[in-house]
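So that we are looking at the same thing, I have put the structure below in structure tokens.
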Number of protein chains: 2
Amino acid sequence: MTDDVLWLRDEAPRPPRRNTPLTLERIITAAIAELDAAGAERLTMRKLAERLEVTSTALYWHVATKEDLLDLALDHVVGEVPVPPPGSEPRSGLRALLVGWRAAMLAHPWSPALLGRPLLGPNVLARTEFIQAMLVRSGLAGLELAAATRTLAGFVLGAAMADATWRRLDDPAAIAKVRAHILASAERYPTLSTSGFVEAGWSDDELFVFGLDRVLDRLLAGT
Amino acid sequence: MTDDVLWLRDEAPRPPRRNTPLTLERIITAAIAELDAAGAERLTMRKLAERLEVTSTALYWHVATKEDLLDLALDHVVGEVPVPPPGSEPRSGLRALLVGWRAAMLAHPWSPALLGRPLLGPNVLARTEFIQAMLVRSGLAGLELAAATRTLAGFVLGAAMADATWRRLDDPAAIAKVRAHILASAERYPTLSTSGFVEAGWSDDELFVFGLDRVLDRLLAGT
DNA sequence: ACCTGAACACCGTTCAAGT
DNA sequence: ACCTGAACACCGTTCAAGT
């Protein structure tokens, strides 16, 4: 029994104090990294904790629930969208913001799938504020203003979601299968099978910008 | 020991054979009912099995995975959208289909949250076929056709998602909280706080139709 | 204040076994 | 062919306890 002699006990000289303390900011960053790496719904509180070198239960000191964490991650991604200067010419300002918004979400392809949750974070609100400010400066008000705001928001988020879905389904074999299925059912899909729908002649970026410009044309034209 | 006398044994006369056999159709219907009742992500293979009076593992004879089941449920919901007759006047046909599409998804408020998954079911494809057919009959082709298809699809799905989010957050206290927060931060949200964004002066149905009509205006106007 | 360890009440899914 | 029962490998989250 040498254990009762202090000098003979071979223990770590200190309980190795945490090098980097856990913060909400670090947790969010790690969560985004984990989502980027592992993909959509493979984020786990335990795996996230492992990445941060803490116990999974330690996370709950900083965050109430996993859902809250996802909301924070989503708002953080939206925060990557640069907001044009408030003095921008309305149309080009709107265009820049909306193109950037979609790009930021597609840079984190898991993020559009989270859009089913309420979008009320500070970064989202700040960008919604910019959108409405530009619309107001274009002369919109009342019903027209309200509808234009929702139309633009819905369009961007819907497009991001659809495009992210296709990109996550990057398996070329799967895409070929879809194409083959549509072409094989030409009598059921006479238009789709002959219109170039399955040909992918244009990038989703091109198609988005083309559509966005048309939508802006009409919304900014006034009544 | 009366148990070795057949006539004295009181067992059920038959192993009560399944009254209604399990089918994929019944599973999908029950899943939608469960989702409608229990809400978004509270669907569980075990609870679904309980509703069908089978073991949870019995479901796996008919369906490979829970994700597959959700894909089937989503396509089933899209199937509730009436497709106008193929001879419809293009604009009114498109309008009817898209209004119906959004309405069907909002009737099952959990469904827009599933849109992050590939939309390739037969019901979705049939409706996409109709959309493109109407656009082609309006004279669209090439890039214009491809972009219009995606613009309309993105707009409808994005709007459905956003509206479903708000409706699921039906807690009036929560909505009041959002409103109070924006109004309290008037210097950060000068436009939002004064534009009526938080007033809800119009229904989401009105706003959607208003926006849809504008989008159709421009897309059908041609180059 | 911040983190660990053990524990609870669940999950989706597999698989051998029954009928 | 279709379903059950037991089991596996996980989950998110709570809570007492440590520092």
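Given the structure is predicted, the values throughout are model-derived calculations rather than measurements. Chain identifiers are assigned alphabetically (A, B, ...) following the order of the sequence lines, protein sequences preceding nucleic acid strands; residue numbering begins at 1 within each chain.
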Indicate, with a heavy-atom threshold strictly under 4.0 Å, whether B/L59 touches base, sugar-phosphate, or nothing.
-> nothing

Between atom NZ in B/K66 and atom C1' in C/dT14, what is the gap in whole Å?
-> 17 Å

Would you mind telling me which residue lines up with the more 5' stretch of DNA chain D, B/S56 or A/L43, judged by nearest nucleotide?
-> B/S56

State whether B/W61 places a side-chain N or O below 4.0 Å from either non-bridging phosphate oxygen (OP1 or OP2) of D/dC3.
-> no

Pair A/F155 and A/F208, ring centroids less than 6.0 Å apart | yes

May I ask you to evaluate whether A/T44 reaches the phosphate of D/dC11, defined as a side-chain N or O under 4.0 Å from OP1 or OP2?
-> yes

Specify the separation, in whole Å, of atom CG of B/L69 and atom C1' of C/dT13.
-> 14 Å

Is any NZ, NE, NH1 or NH2 atom of the basic residue among A/R188 and B/E129 found under 4.0 Å from an Asp or Glu carboxylate oxygen of the other?
-> no

Considering just the side-chain nitrogens and oxygens of A/T65, establish if one lies under 4.0 Å of OP1 or OP2 belonging to D/dT13.
-> yes

Length of the CD-C1' vector between A/E50 and D/dC10, whole Å = 14 Å

Stepwise salt bridge (charged side-chain N to carboxylate O under 4.0 Å, His left out) test for A/D205 and B/R150 | CA-CA 11 Å; A/D205 288 339; B/R150 290 171 83 123; over 6 Å; no

Do A/K66 and A/D71 sit within salt-bridge range, that is, some charged N less than 4.0 Å from a carboxylate O?
-> no

Specify the separation, in whole Å, of atom CZ of B/R26 and atom P of D/dC3.
-> 9 Å

For B/T57, answer base if it contacts any base atom (sugar-phosphate contacts may also be present), sugar-phosphate if it contacts only those atoms, and nothing otherwise; contact means non-hydrogen atoms under 4.0 Å.
-> base

Given C/dA1, is OP1 or OP2 found less than 4.0 Å from the side-chain N or O atoms of A/H62?
-> no

With both distances under 3.5 angstrom, what nucleotide forms a Watson-Crick or G-U wobble pair with D/dG5?
-> C/dC15

Rounded to whole angstrom units, what separation is found between the CE atom of B/M45 and the P atom of C/dC11?
-> 12 Å

How close or far is atom C1' of D/dT4 from atom OH of B/Y60, stated in whole angstroms?
-> 15 Å

What is the distance, rounded to the nearest whole Å, between atom CD1 of B/I27 and atom C1' of D/dC3?
-> 12 Å

Between B/R46 (CZ) and D/dG5 (P), how many Å, whole number?
-> 14 Å

Answer yes when B/R102 and B/D204 have at least one side-chain N-carboxylate O distance shorter than 4.0 Å, and no when they do not.
-> yes

